[in-house]
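Have a look at the structure below, then the notes.
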Amino acid sequence: MSIRLSLATALLVAGVAAANWPQFRGPDGAGVSAEKGLPTTFGPTENVKWKADLPGRSVASPVVFGKKLFITAASGPRLDRLHVVCLDADNGKLLWHRELTATGSTACHPKSSMAAPTPCVNADGVYCLFATADLAAFDLDGNLKWYRSLTTDYPNISNQVGMAASPILWKDFLIVPMDTVGDSFLAALDTKYGKNVWKIDRPKDTNWVTPTLRAVGDRTEVLFATAKESVAYNAADGKKLWSHAGEGAFIPTAVLAGDNILMPFRGGLTCLRPEGQTVAEVWRAPKLATGYTSPLVYQDR
């Protein structure tokens, strides 16, 4: 099966995209690029530098490091063939392609795929989580660093409609969200060997939120949201730092706005300002309700 890479992906490298785009929503998870001179319109032949075929269905975002673009895909009648593809960001040429066999459930919504979580990448490698809870790390040349079947380690992980939360990198840690109706946790893995550095249990519930990192003084917080609360953990050890109860989001990702946090919830958007272990609600905008999309902040707007 050959599936056409989306035009939006091709557009990503159509301009002067010199900066890395290392994770879901790019640098800091903000969804904003500082590049200038990018095209503002595109079509089948307009402002598209190249197109490339993928070996299967993908609803993940591509990530870029240097001159290499990485994307995952899934194929087969049961989407149990998992692919990691590396392309030349300048011309779309295939640099390498690796294939894994799924060990976890491949059940998902028909519009989704086992390649729903977005990979993350740095100079040491690319880290690929699939909706089957298979997790693989490769160096930038495609050599396997390590692999983990999280459903083998935690057999009660339940994937009934598909998972899409993406991992993120912090220093030498790969932070992996795994909220499910069975085994449910947030974990930090050593990027060199893939071993747990810390792992905390989470409420058993379906969730598709990708964590957001927030630097506060000499510590870094991992911001995470569920339908019932917004919570922050210490990136160094997983200790819970603060939480804000109330209706939250279980798909959109939080975004930073200076000292504030814009946290979507099912009934709108709320602006939170944590101070120590207390959290003030600065404002709430019910008219900005979002079911799936994450907010952007650009020049204080």
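Computed from a predicted structure; not experimentally measured.
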Check each of Asn143, Val121, Val126 against Phe138 using the side chain to side chain contact (heavy atoms under 4.5 Å, CB included) test, and report the only one that passes.
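Answer to the side chain to side chain contact (heavy atoms under 4.5 Å, CB included) test with Phe138 among Asn143, Val121, Val126: Val126.
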Rounded to the nearest 0.5 Å, what's the gap from CZ on Arg148 to CG on Asp153? Could you check?
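Nearest 0.5 Å value for the CZ-CG distance: 4.5 Å.
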Measure the spacing between CG of Asp190 and CH2 of Trp198 and express it to the nearest 0.5 Å.
13.5 Å
Ile175 and Phe24: same hydrophobic cluster, using ILVMFWY side-chain contacts below 4.5 Å?
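No: no chain of side-chain contacts under 4.5 Å links Ile175 to Phe24.
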Starting from Phe265, walk the hydrophobic network (Ile, Leu, Val, Met, Phe, Trp, Tyr; side-chain heavy atoms closer than 4.5 Å) and list everyone else you reach, by chain and number.
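Other cluster members: none.
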Could you work out the complete set of other residues in the hydrophobic cluster of Val181, with links drawn between I, L, V, M, F, W and Y side chains under 4.5 Å apart?
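Val181 shares its hydrophobic cluster with no other residue.
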Side chains of Thr41 and Glu46: do they bring a donor and an acceptor to under 3.5 Å?
yes
Checking Lys239 now: which residues fulfil salt bridge (charged side-chain N to carboxylate O under 4.0 Å, His left out) with it, not counting sequence neighbours?
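Lys239 satisfies salt bridge (charged side-chain N to carboxylate O under 4.0 Å, His left out) with no residue once adjacent residues are dropped.
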Arg284: which residues meet the salt bridge (charged side-chain N to carboxylate O under 4.0 Å, His left out) condition with it, sequence neighbours left out?
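Once residues adjacent in sequence are excluded, the partners of Arg284 under the salt bridge (charged side-chain N to carboxylate O under 4.0 Å, His left out) criterion are Glu281.
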Please examine the side chains of Cys108 and Leu79, heavy atoms only from C-beta on, and report whether any two atoms are closer than 4.5 Å.
yes
For residues Trp146 and Leu135, determine if any side-chain heavy atom of one lies less than 4.5 Å from a side-chain heavy atom of the other.
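In short, these two side chains touch, coming nearer than 4.5 Å.
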Inspect the contact between Lys199 and Asp201 and indicate whether a charged nitrogen and a carboxylate oxygen are less than 4.0 angstrom apart.
yes
Please determine whether a side-chain nitrogen of the Lys or Arg among Asp172 and Lys192 lies less than 4.0 Å from a carboxylate oxygen of the Asp or Glu.
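No, Asp172 and Lys192 are not salt-bridged.
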If you look only at pairs with a residue in residues 113-136, which of them pass as a side chain to side chain donor-acceptor pair (under 3.5 Å), with sequence neighbours excluded?
Thr103-Asp134, Tyr127-Lys145, Thr132-Asp134, Asp134-Tyr147
How would you list all residue pairs meeting side chain to side chain donor-acceptor pair (under 3.5 Å) that involve residues 214-226, not counting sequence neighbours?
Trp170-Thr220, Arg214-Glu221, Arg219-Glu221, Glu221-Trp242
